[in-house]
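The shown structure was predicted, so the numbers you read here are calculated from the model rather than taken from an experiment. When reading the values below, keep in mind they use all heavy atoms of this one structure, side chains included, and skip hydrogens, waters and symmetry mates.
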Amino acid sequence: MKLTENAKTVLERRYLKRDAQGQALETVEELFRRVADAIAQADRSYDPQADVDALSEEFYQMMTRLEFLPNSPTLMNAGRPLGQLSACFVLPVEDSMDGIFEAIKQAALIHKSGGGTGFSFSRLRPAGAAVNSTGGVASGPISFMKVFNMATEAVKQGGTRRGANMGILRVDHPDILPFIDCKKEGGEITNFNISVAITEAFMQSVEADEPYDLIDPRTGEAVGSLSARMVFERIVDAAWRNGEPGIIFLDRLNRDNIVPGIASIESTNPCGEQPLLPYESCNLGSINLVNMLREEDGRWVLDWEKLKQTVQKAVHFLDNVIDVNKYPLDSIDRMTKQTRKVGLGVMGFADLLLRLGVPYNSEEGVALGGKVMAFINSTAHEASRELAQSRGAFPLFEQSTLRGGDPVRNGTVTTIAPTGTLSIIAGVSSGVEPVFGFVYIRNVMDSTELVEVNPILRETLERRGLYSEELMRRISQEGSLAHIPELPEDIRRVFVCAHDISPEYHIRMQAAFQAETDNAVSKTVNFQNAATREDVREVYLLAYRLGCKGVTIYRDGSRDSQVLNIGSVNNGQTERPSSIVPRPRPEITMGLTERIKTGCGNLYVTVNYDSEGICEVFTSTGKAGGCPSQSEAVARLASIALRSGISVEEIMNQMKGIRCPSTVRQAGLKCTSCPDAISQVIRKVYDLQQDAGHSSRLPEKVQEALEEKRQPPPEGQTFRYCPECGQPLEHEGGCVTCRSCGYSKCG
């Protein structure tokens with residue numbers, strides 16, 4: 001296999017089968033053999049004489065040549081006891097306590113198995129509505145979203161990462177305004193991406209500047225109205241502020257619902273590209289377009305025949321996944337097999353354009369995107385029809401909008417998903433996104449700097465005698481090739497990154513792929529930090545006018561930046577700030593953990609510091625119990641105070657000596673309460689820092705790495721870094737991905 005070092009790292013850290021001690025039990029090649037063998041077995045269900053060994057070899061070659069890769073749960077779990085192979089699910093949330101907590105339980109099972117979940121909270125009665133069974137009032141969708149969020153926090157997804165959710169509310173729900181702003185402050189709904197489900201009628205009211213009705217979800221009757229334009233502006237403002245909410249065009253999703261008589265589409269998966277009925281799941285996979293190229297007379301061309309064959313094999317693979325999958329719920333098993341939806345997409349599209357010398361932000365680039373996806377979509381439908389001849393159409397075919405045509409095996413066949421870790425494995429650009437950055441500087445453990453360059457850019461520059469490490473470092477600092485006049489104009493024109501591309505071209509490319517895709521397209525419109533609300537508004541309107549099914553935007557640095565009002569100078573006097581905002585949590589800290597015996601049992605206190613001093617406190621309780629919520633609250637408040645400039649002495653003085661009844665009854669203890677214990681450990685770390693023989697600074701290598709990151713970013717950009725390896729994070733479909741180590745998080 002032609003794997004990059006990054007790809008090997010990601011596969012070894014996140015995908016290989018391991019024993020109880022964490023030792024790998026398979027090689028990368030054995031991983032793909034395991035997956036190929038498991039998926040090929042489905043053919044025996046239709047033909048006992050099927051040559052599954054030959055089919056397994058075909059699947060194995062397709063994956064190890066990096067021509068096609070299935071979604072991550074399939075790579076992780078195929079051929080293993082868990083056996084859950086789907087990436088995404090949608091669960092209904094009924095307007096009853098039983099229904100709400102049943103959905104929470106089902107989501108926990110899905111997250112445990114490695115999947116992500118989408119929910120519409122539109123059926124829930126609004127906050128303040130009467131609850132007849134108790135005589136009380138409803139707390140509303142947002143309060144229950146917080147409960148879902150806490151449940152997600154408690155379940156490690158597939159043993160590798162926390163689960164991801166999509167939370168959707170219809171624009172005509174009475175609680176729409178608080179929903180739009182529910183992530184304004186952050187902190188309570190961290191495991192959700194959120195989107196507003198917008199109707200065509202609402203958008204028409206926006207354009208006409210008219211009011212629209214708010215609908216009681218229980219009765220279907222109007223209970224009020226709002227200015228459509230005002231609500232639209234609130235959505236725009238919130239998205240400009242921190243990238244959320246996104247929007248989905250609900251009527252368009254249901255326009256393409258193949259079984260409207262069975263159920264309506266209410267929600268999508270966490271990244272928005274897969275609309276699903278309640279209890280449906282979908283199996284996704286992506287074709288590596290870079291490996292569909294061949295050289296001909298010294299230039300690269302697209303090998304359409306190879307692409308056709310790869311699409312046909314990929315549809316066969318994904319249809320087999322439906323049969324060998326071990327679903328987390330029987331209801332999901334039944335519904336998924338009724339429509340047999342699959343989602344074949346692409347990755348490496350931006351790299352394909354680089355190879356062909358076509359700018360992403362050009363008429364030619366947009367046209368090529370549409371042409372490639374039209375070919376994939378038509379070929380995938382043809383492959384599904386061929387499977388139906390031997391396996392039969394999906395069970396609900398005669399009740400679907402497709403009846404009357406040739407039988408098809410799968411209700412849908414194409415989806416453009418984000419391919420964060422898959423594209424790292426394949427060593428190509430993600431999904432249909434442009435290249436995020438062409439050059440990165442990586443610090444390794446011995447303080448050596450490694451210059452990582454997009455392989456197509458490196459090859460192009462070396463061929464033309466332009467490559468040098470000095471130039472690469474300059475590109476890394478600039479963040480783009482656009483402002484380096486020494487480079488030829490044709491190279492600067494073709495090698496454009498995400499921030500070189502206008503929002504209009506981001507949307508036009510998304511629309512080109514959407515026109516040829518059954519489901520939807522995951523695509524993030526990247527704005528520079530200086531973008532205005534008007535820029536965001538125009539993108540949303542353009543997405544509506546060009547036929548997109550949804551849109552996600554991200555203004556660089558908006559989600560993670562802290563705005564600190566330090567006052568202004570007036571006549572030589574510094575005006576006192578109206579509020580104190582803590583400095584951001586440091587990327588790297590060091591500290592001390594001490595076990596202290598309290599009247600409630602053992603309390604473990606961790607006090608961390610960076611080069612500016614003590615900055616955070618954590619607590620955890622031993623098996624004896626105690627009051628963990630109170631000690632955690634004290635630790636959090638102490639951390640905020642420490643990073644807000646409150647003196648360490650003042651914090652210690654406020655906590656020391658506080659007495660607790662549990663402690664009073666137990667003589668001989670060295671502390672009087674949990675807050676007193678926390679103050680003691682803070683004192684110990686503080687004294688160590690004040691000791692002339694103890695350095696309060698971080699180790700030199702760590703300090704150097706931090707100083708590098710504190711250098712001003714390129715104009716208009718605010719990079720944020722991976723918490724596991726420190727490399728820049730890329731935003732895609734409401735999630736972040738590190739292309740260095742494979743770390744990802746949604747919400």
Asks: Tell me, please, which residues at least two apart from Phe144 pass ring-ring contact (aromatic ring centres under 6.0 Å, His included).
Replies: none
Asks: Decide salt bridge (Lys or Arg N to Asp or Glu O under 4.0 Å) for Asp237 and Lys184; before the verdict, give the C-alpha distance in whole Å, the side-chain angles of both, and the deciding distance to 0.1 Å.
Replies: CA-CA 10 Å; Asp237 180 69; Lys184 183 175 182 179; over 6 Å; no
Asks: Does any N or O in the side chain of Arg403 come within less than 3.5 Å of the main-chain N or O of Ser400, such that one atom is a donor and the other an acceptor?
Replies: yes
Asks: Please check: side-chain N/O of Asp95 versus main-chain N/O of Arg125, any donor-acceptor pairing under 3.5 Å?
Replies: yes
Asks: Could you go through the side-chain hydrogen bond (donor to acceptor under 3.5 Å, both in side chains) check for Ser286 and Thr419 one step at a time?
Replies: CA-CA 8 Å; Ser286 299; Thr419 59; 5.5 Å; no
Asks: Could you give the distance from CD (Glu433) to OG (Ser522), rounded to the nearest 0.5 Å?
Replies: 6.5 Å
Asks: Sequence neighbours left out, cut at 3.5 Å: what donor-acceptor pairs do the side chains of residues 544-552 make with other protein atoms?
Replies:
{"residue": "Lys549", "atom": "NZ", "partner": "Asp256", "partner atom": "OD2", "Å": "2.7"}
{"residue": "Lys549", "atom": "NZ", "partner": "Asp518", "partner atom": "O", "Å": "3.1"}
{"residue": "Lys549", "atom": "NZ", "partner": "Asn519", "partner atom": "O", "Å": "2.8"}

Asks: Any chance you could measure Ser331, atom OG, to Phe89, atom CZ, to the nearest 0.5 Å?
Replies: 10.5 Å
Asks: Identify the residue among Lys523, Met347, Met373, Gln274 that makes a side-chain contact (heavy atoms from CB on, under 4.5 Å) with Ile416.
Replies: Met373
Asks: Does the side chain of Pro70 come within less than 4.5 Å of Phe68's, by heavy atoms?
Replies: yes
Asks: Would you tell me whether Cys88 and Cys282 have their SG atoms within less than 2.5 Å of each other?
Replies: no
Asks: Any chance you could measure Leu85, atom CG, to Asp323, atom CG, to the nearest 0.5 Å?
Replies: 11.0 Å
Asks: Distance from Tyr327 atom OH to Ser281 atom OG, nearest 0.5 Å?
Replies: 5.0 Å
Asks: Using a 6.0 Å cut-off, check whether atom CZ of Arg170 has over 12 heavy atoms from anything other than its own residue.
Replies: no
Asks: Please work out whether the ring planes of Phe119 and Phe192 are parallel, tilted or perpendicular, with thresholds of 30° and 60°.
Replies: tilted
Asks: Quick one: does NZ or CZ of Arg229 land under 6.0 Å from the six-membered ring centre of Phe232, within 45 degrees of the ring axis?
Replies: no
Asks: Could you walk me through whether Asn242 and Ser558 pass the side-chain hydrogen bond (donor to acceptor under 3.5 Å, both in side chains) test, one step at a time?
Replies: CA-CA 5 Å; Asn242 66 1; Ser558 62; over 6 Å; no
Asks: Looking at Met230, is its backbone amide N or carbonyl O close enough to the side chain of Ser227 to form a donor-acceptor pair, meaning the two atoms are under 3.5 Å apart?
Replies: yes
Asks: Ignoring hydrogens and geometry, is there a side-chain-to-backbone donor-acceptor pair from Asp175 to Ala127 under 3.5 Å?
Replies: yes
Asks: side-chain hydrogen bond (donor to acceptor under 3.5 Å, both in side chains), that's the test. Do His111 and Asn165 meet it? Break it down for me.
Replies: CA-CA 9 Å; His111 292 162; Asn165 300 304; 3.1 Å; yes
Asks: For Asp319, is there any backbone N or O sitting under 3.5 Å from a side-chain donor or acceptor partner on Arg340?
Replies: yes
Asks: Has the side chain of Thr379 got a donor or acceptor atom that lies under 3.5 Å from a matching backbone atom of Ile376?
Replies: no
Asks: Taking the side chain as everything from C-beta on, heavy atoms only, tell me whether Leu226 gets closer than 4.5 Å to Leu214.
Replies: yes
Asks: Would you confirm whether Thr524, through its side chain, and Asn526, through its main-chain N or O, come within 3.5 Å as a donor-acceptor pair?
Replies: no
Asks: With a 4.0 Å cut-off on N to O distance, would you call Asp330 and Arg334 a salt bridge?
Replies: no
Asks: Would you check if the side chain of Asn410 reaches a backbone N or O of Thr412 as a donor-acceptor pair within less than 3.5 Å?
Replies: no
Asks: Is the count of non-hydrogen atoms from other residues, nucleotides or ligands lying under 6.0 Å from Met97 atom CE greater than 12?
Replies: no
Asks: Sub-3.5 Å donor-acceptor pair from the side chain of Ser384 to the main-chain atoms of Arg409, do we have one?
Replies: yes
Asks: Quick one: do Glu382 and Arg385 satisfy salt bridge (Lys or Arg N to Asp or Glu O under 4.0 Å)? Show the steps, please.
Replies: CA-CA 5 Å; Glu382 179 185 340; Arg385 286 192 292 271; 5.3 Å; no
Asks: So, taking the atom named CG in Asn361 and the one named CE in Met509, what distance separates them when rounded to the nearest 0.5 Å?
Replies: 8.5 Å
Asks: Salt bridge (Lys or Arg N to Asp or Glu O under 4.0 Å) between Glu516 and Lys371: does it pass, once the steps are laid out?
Replies: CA-CA 9 Å; Glu516 306 295 344; Lys371 180 180 179 181; over 6 Å; no
Asks: Do Asp251 and Thr199 pass the side-chain hydrogen bond (donor to acceptor under 3.5 Å, both in side chains) test, and can you show the C-alpha distance, the side-chain angles, and the key distance before you say yes or no?
Replies: CA-CA 6 Å; Asp251 293 338; Thr199 62; 4.7 Å; no
Asks: Using side chain to side chain contact (heavy atoms under 4.5 Å, CB included) as the criterion, list what pairs up with Lys146, not counting sequence neighbours.
Replies: Ile142, Glu188, Ile189
Asks: Between the main-chain N or O of Ala511 and the side-chain N or O of Gln514, is there a donor-acceptor pair closer than 3.5 Å?
Replies: no
